[in-house]
**Q** 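So that we are looking at the same thing, I have put the structure below in structure tokens.
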Amino acid sequence: MPRRTIGFVLVFVVPRGGGAGRVAGHLGVFTEDGTPAGEPEWLDDLAPRVAELERTHRPRWVWPHTADIYPDLLRSGVRVERCHDLALAEGLILNYHGRHGEPRALAAAWARARGLPVPDDPPPVRREDQPTLFEPDRSPLPDGVDPVRAAVTVHGGQQRAAGEVEHPDRMRVLIAAESAGALAAAEMSHAGLPWRADVHEALLAELLGPRPAPGARPARLAELAEKIAAALGGRQVNPDSPASVVRAFAAAGVDVPSTRAWVLREVDHPAVEPLLEYKELARLYAAHGWSWLESWVRHGRFHPEYVVGGVVSGRWATRGGAALQLPRALRSAVRAEPGHVLVVADAAQLEPRVLAALAGDARLAEVAAAGDLYASLAADSFAGDRARAKVAMLSAMYGGSSGGAGPLLAVLRRRFPDAVGYVEAAARTGEQGGLVRSRLGRTSPPPSAAWREMIGGGSRPEADETAQRRSLRAARDWGRFTRNFVVQGSAADWAAALLAVLRRRLSARVSAAELVFFQHDEVLVHCPEAVADAVCAELCSAAEEATRLVFGATPVRFPLDVHVVTCYADAK
DNA sequence: ACAGACCGCGCC
DNA sequence: AAAGGGCGCGGTCTGT
């Protein structure tokens, strides 16, 4: 094949059987204008062909779902630069139109792919026997449907759909960033986060005692359980059972409404201290103990599975390993390999900055020019009281008002009417059952039928006080969700753009660096010590580029706090 | 025995 | 006037 620039390569894969470490499938090469460049091919092993095309053409790979194919390619040593993930794009577009949760194998996409009339309202539930483009292991395509042609058709439909939303440019950025995120997620799962099992084990031994026999409690937990029982007058009590603990306290003459740590801390009783310690250690044991280590750490790396597109707001989820909840105490087990460092970068106070940019609030943007936004906000509006400034801002974004936040929020509203007005408008939209969007167009789900029923029930003339209260409550709850959605979703937009841009920059300019971890607004790069400065420079440029991509020419700054360390625990 | 609800807590 | 957003996970408890 002559060397020339080709805009798109469309790949369709139908995994067959066990796979045996290889991924088979159809592959078709197309030029940018949609003209096929040669016949579609069937390959028993896609990896070599993908590697070759990547080397010669740097195409955009269009495939049903990155998570279904890219991990296998990575295991075969093949990395690609860019892709269009049909399933993720389909989800974003469907959600934009308020059709959350519909099967990704949209009936309309199928109809288009098969040249059939497109139904106006595709059935919401896919039948078991209905073939699907996006879950290729379910069932093969119907006879006579060429998989490459189907992918081309669906892709074309998505390009059109992206062009028809209110801000097509933003939707295109979103789809590209989401697709790049899927690539980065697979790469990070593959690479893994450097993890010193010996450090982790030493920590467990120090806090819990030696590893217990299967079914037994660690020594330290058994000891604390005895102390708790003794302090409660020798009553039977299972510290793992909230109900049992409440009963035991009641029997000892102490009324506790629940066993939440912050509740217990207010209780003056000798059982409280050992109980709090028990709960903390029991959690470490259950969630990140020896069995976690066995399940998730191999050859010195923690390999979580990221789920891109798993949260409507655009945040990532994880499957197994609780990767996004690594306790701070365990971060000492995250160590760079010899001669290497970890570059830890997190966006400083991302959400309030996002709000300033979203709302176009010039005054808040000014406040956000400072490195420490909350300190700057405190100086501006809260007589220098940083804690109060932070509470005020968080209540605006979350809809909370506990801890006397009401008056603080009022200060914020007077001083920054555009920013506060923006989230309050989002809350009102939600209270009325409407949809809200992130900056790039991620869209909140419509409220459930049960919600609508409750809202309707409260406004009927015969509604009693309880029904009215329930209705009001449901409306407010959903309003809090949509209020937060615009901020959380737009922060996810920014973070996705950052990751996409950083990934491209690193592969082009600091190839020895690898992305090893990402959580919401924080990214970890593992690299040889000698290139740490280069990585820092790329990070800063990436943050600026991401800001421009998502918010255009906003005056709001989005600084990164960057730490070059050998141990994750030393960052911050 | 198993599934699913609830609790409580970890992270952002 | 009052109203805290998102998730994953492992534990218990309840219903079948």
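All of these numbers come straight from a predicted model, not from anything done at the bench. The chains referred to below are lettered A, B, ... by the order of the sequence lines, with proteins before strands, and numbering in each begins at 1.
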**Q** Would you give me the side-chain donor-acceptor pairs under 3.5 Å for residues 248-264 of chain A, sequence neighbours excluded?
**A**
unit_1   : atom_1 : unit_2   : atom_2 : d
A/Ser258 : OG     : A/Arg260 : N      : 3.3

**Q** When you match A/Asn484 and A/Leu472 each to their closest nucleotide on DNA chain C, which lands nearer the 5' end?
**A** A/Leu472
**Q** Rounded to the Å, how far apart are A/His100 NE2 and C/dG6 C1'?
**A** 14 Å
**Q** Starting from C1' on C/dG4, measure out to CG on A/Leu412 and report it in whole angstrom.
**A** 15 Å
**Q** Could you give the side-chain donor-acceptor pairs of residues 286-297 of chain A under 3.5 Å, partners two or more places apart or in another chain?
**A**
unit_1   : atom_1 : unit_2   : atom_2 : d
A/Trp292 : NE1    : A/Gly321 : O      : 3.0
A/Glu294 : OE2    : A/Arg211 : NH1    : 2.9
A/Ser295 : OG     : A/Ser291 : O      : 2.9

**Q** Go along nucleotides 6-12 of chain B 5' to 3' and tag each nucleotide: B for a protein heavy atom under 4.0 Å from its base, S when only backbone or sugar atoms are that close, - otherwise.
**A** -SBBBBB
**Q** Mark yes or no: A/Arg437 above the aromatic ring of A/Tyr96, with NZ or CZ under 6.0 Å from the six-membered ring centre and no more than 45 degrees from the axis.
**A** yes
**Q** Using atom CZ of A/Arg319 as one end and atom P of C/dG8 as the other, report the distance to the nearest whole Å.
**A** 10 Å
**Q** Taking 4.0 angstrom as the limit, do A/Arg220 and A/Glu226 come out as a salt bridge?
**A** no
**Q** Taking distance alone, no hydrogens or angles, what donor-acceptor pairs closer than 3.5 Å link side-chain atoms of residues 404-413 of chain A to residues at least two apart or in another chain?
**A**
unit_1   : atom_1 : unit_2   : atom_2 : d
A/Arg413 : NE     : A/Glu424 : OE1    : 3.3
A/Arg413 : NE     : A/Glu424 : OE2    : 3.3
A/Arg413 : NH2    : A/Glu424 : OE2    : 2.8

**Q** Once you build an axis from the first five pairs and another from the last five of the helix from B/dA1-C/dT16 to B/dC12-C/dG5, how far apart in angle are they, to 10 degrees?
**A** 10°
**Q** Hey, could you give me each pair passing side-chain hydrogen bond (donor to acceptor under 3.5 Å, both in side chains) that has a residue in residues 232-245 of chain A? Not counting sequence neighbours.
**A** A/Asp240-A/Tyr278
**Q** Starting at CZ of A/Arg483 and ending at C1' of C/dG6, how long is that distance when rounded to a whole Å?
**A** 16 Å
**Q** Are A/Phe558 and A/Phe551 close enough that their ring centres sit under 6.0 Å apart?
**A** yes
**Q** Less than 3.5 Å apart, any donor N or O on the side chain of A/Gln488 or A/Ser313 sitting next to an acceptor on the other?
**A** yes
